[in-house]
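If you're wondering where the values come from, they're calculated on a predicted model, not measured in any experiment. Each residue takes its place number in the sequence, starting with 1.
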Amino acid sequence: MLFRPMIAACAALPLATAGVSAQEGGRYQLEKTDSGYVRMDTETGRMSICEERSGQLVCKLAADDRDALQDQIEALQDEIEAIEERLTALESGTPPAADDGLPTEDEFEKTMSYMERFFRRFMDIVKDFDGPSGEPQPQTGTPEKT
């Protein structure tokens, strides 16, 4: 979708311009903080917190809300797509499918057809049981003894 690259570019722009480049034109950018450095991956936008320990720079992924924000962006994009589909359906005169738990008209008619066939067959069985005159038929043969 068009929005995802644009949002990522807008989010990374202030961080990319504010940081001090570790390598000119490189993938990572470092910015000095009170407790160490913040390193940003310019390709993915992920950030790491770096500290100097025993003369070495040790970095670990920042526990920021980037993943949560990315999930929220994706959810909003899905919602936008659903709204656009609904708008397109409304503009074309086709009502969108309602998810109200009720069957569609076709499902209802199909179910009623099944019920009608069931009751017709059931009534035929009852008529056969009662006989042509409508009175119960006497049993033929001798009853079984148990």
Side-chain angles (χ1 to χ4, degrees), residues 1-131 134 136-137 139 141 143-146:
M1 177 165 241
L2 176 65
F3 297 113
R4 186 172 290 155
M6 187 168 46
I7 290 172
C10 290
L13 186 61
L15 295 172
T17 58
V20 176
S21 179
Q23 298 175 352
E24 195 64 37
R27 178 173 176 175
Y28 298 99
Q29 292 185 346
L30 290 175
E31 184 174 322
K32 180 89 169 127
T33 65
D34 294 337
S35 61
Y37 296 92
V38 174
R39 179 182 73 173
M40 185 184 80
D41 185 337
T42 59
E43 289 181 15
T44 64
R46 296 204 183 269
M47 299 186 69
S48 302
I49 297 173
C50 303
E51 297 176 342
E52 288 186 50
R53 292 186 192 162
S54 303
Q56 293 188 3
L57 196 59
V58 178
C59 298
K60 58 184 173 184
L61 286 177
D64 64 358
D65 295 330
R66 178 137 181 94
D67 291 333
L69 290 174
Q70 187 63 36
D71 291 344
Q72 187 176 12
I73 289 169
E74 289 172 6
L76 290 171
Q77 287 173 338
D78 292 342
E79 196 172 323
I80 288 170
E81 287 176 17
I83 290 170
E84 287 174 347
E85 288 173 7
R86 185 168 185 228
L87 179 62
T88 302
L90 288 172
E91 288 175 344
S92 69
T94 307
D99 189 20
D100 54 6
L102 296 175
T104 63
E105 191 66 29
D106 290 337
E107 293 170 333
F108 177 76
E109 289 300 324
K110 189 175 183 180
T111 303
M112 291 305 292
S113 173
Y114 291 144
M115 292 300 295
E116 183 179 2
R117 287 189 351 222
F118 169 79
F119 280 114
R120 287 187 190 276
R121 286 185 187 171
F122 180 75
M123 293 308 293
D124 287 342
I125 292 170
V126 170
K127 286 179 187 175
D128 288 345
F129 179 72
D130 284 346
Q137 296 273 344
Q139 287 186 343
E144 291 183 29
K145 294 182 183 179
T146 54

Tell me, do Thr44 and Arg27 make a side-chain contact under 4.5 Å, heavy atoms counted?
yes
Are any non-hydrogen side-chain atoms of Ile73 and Gln77 less than 4.5 angstrom apart?
yes
For the pair Lys110 and Asp106, evaluate side chain to side chain contact (heavy atoms under 4.5 Å, CB included) and give the outcome as yes or no after the intermediate values.
CA-CA 6 Å; Lys110 189 175 183 180; Asp106 290 337; over 6 Å; no
From Phe108 atom CZ to Met112 atom CE, the distance as rounded to the nearest 0.5 Å
5.0 Å
So do Arg39 and Leu30 actually touch side chain to side chain, heavy atoms under 4.5 Å?
yes
Taking atom CD of Gln72 as the centre, report whether more than 12 heavy atoms of other residues, nucleotides or ligands fall under 6.0 Å from it.
no
From Asp71 CG over to Leu76 CG, what is the distance, rounded to the nearest 0.5 angstrom?
11.0 Å
Restricting to non-hydrogen atoms, name the atom on Thr42 and the atom on Tyr28 that form the minimum distance, rounded to 0.1 Å.
OG1-N, 4.4 Å
d(Arg86 CZ, Leu90 CG) to nearest 0.5 Å is 5.5 Å
Rounded to the nearest 0.5 Å, how far does CE of Met47 lie from CD of Glu31?
7.5 Å
In this structure, OG1 of Thr88 is separated from CD of Glu84 (nearest 0.5 Å) by 7.0 Å
Backbone N/O of Glu107 and side chain of Thr111: donor-acceptor pair under 3.5 Å
yes
Taking only residues two or more places apart in sequence, or in another chain, which ones meet Arg117 in a side-chain hydrogen bond (donor to acceptor under 3.5 Å, both in side chains)?
none
